[in-house]
Trainee: 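My structure is below; once you've seen it, I'll send some questions.
In each ligand, atom 1 is the first atom listed, and ligand 1 is the first ligand listed.
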Amino acid sequence: MKQALLLVFGTLVLASCQHKVKNKNSADQETTVQDSVQEPTKPEETERYEPVPPKVTLDTNKVPSDAIVLFDGSNLDNWISSRDSTAAKWHLNDDGSMTVADKTGDIQTKQNFGSLQLHLEWRSPAVIQGENQSRGNSGVFLNNRYEVQVLDNNDNPTYVNGQVASIYKQHIPLAMASVPSGEWNTYDIIYHAPYFNSTGDKIKSGTLTVIHNGVLVQDHVEIKGTTEYIGWPKNPAHGKGPLKLQDHQDNSRVSYRNIWVREL
Ligand code: MG
């Protein structure tokens with residue numbers, strides 16, 4: 001009898017907890033709320049009028065009104081050298097772009113970000129120089145550690161998990177969608193940061209979605225850890241971090257323009 005009562009009590013507590021969790025999730029992200037187990041009989045019963053999504057407009061450069069503009073071609077004020085936190089030393093060009101200055105090192109944003117939507121445009125040099133990983137190599141590092149590869153892959157084969165739009169040495173892109181060398185590519189990236197518990201263990205992996213020139217090339221893939229040149233991915237706990245652009249140290253003069261993010 002005592003055991004039966006304990007079982008009933010435990011079931012009630014569990015049901016209560018599940019109800020609370022369900023309600024929290026519903027408030028956060030559900031669009032269809034099942035208030036009743038009864039099947040609705042009128043359309044109004046499944047229509048919701050709030051929260052009203054905020055209105056976002058686009059400017060003439062198609063930058064969303066709620067975006068944080070990190071580079072619009074006018075200056076490098078939002079960026080610093082990753083080496084020593086001094087002013088970014090990349091070339092600021094007259095056409096509204098910036099170009100890696102040879103061996104000056106990576107640059108990164110002053111501001112830290114977690115999950116985000118990122119738009120940027122990049123261009124590998126029209127004059128072909130180098131081959132394999134030494135031709136137009138740069139990279140976009142989310143959270144200062146997860147690289148989406150930038151590479152001139154036109155008639156330039158390399159290992160496919162390190163080719164353009166790969167998640168470096170983790171995920172081969174679904175397609176190779178580059179425009180000809182010397183023309184502008186677009187990357188639209190959705191990054192969801194991983195979660196770590198209080199003791200530093202990863203409890204949920206981060207994810208990346210990449211659209212290259214309008215083509216889906218990474219479809220919500222799991223980030224396995226840091227994108228290492230040598231070795232397996234590592235998973236030290238971290239919070240928000242800067243967005244970093246790579247100087248590959250081999251005179252790969254990649255250019256960037258029109259960089260903005262929306263925090264998620
Ligand atoms: Mg790279």
Trainee: Can you tell whether the side chains of Arg253 and Asp102 come within less than 4.0 Å, N to carboxylate O?
Mentor: yes
Trainee: Could you pull out the closest heavy-atom pair between Asp106 and Gln246, with the gap in Å?
Mentor: OD1-CA, 3.3 Å
Trainee: Using the Mg ion (ligand 1) as the apex, give the angle to atoms O (Ser138) and OE1 (Gln149), rounded to 10 degrees.
Mentor: 70°
Trainee: Looking at Glu147, which of its N, O or S atoms is the nearest one to the Mg ion (ligand 1)?
Mentor: OE2
Trainee: Do the side chains of Asp95 and Arg123 get close enough for a salt bridge, i.e. N-O under 4.0 angstrom?
Mentor: yes
Trainee: Answer yes or no for Gln246: is there an N/O/S atom below the 2.8 Å cut-off from the Mg ion (ligand 1)?
Mentor: yes
Trainee: Linking I/L/V/M/F/W/Y whenever any side-chain heavy atoms sit under 4.5 Å apart, do Leu245 and Ile189 land together?
Mentor: yes
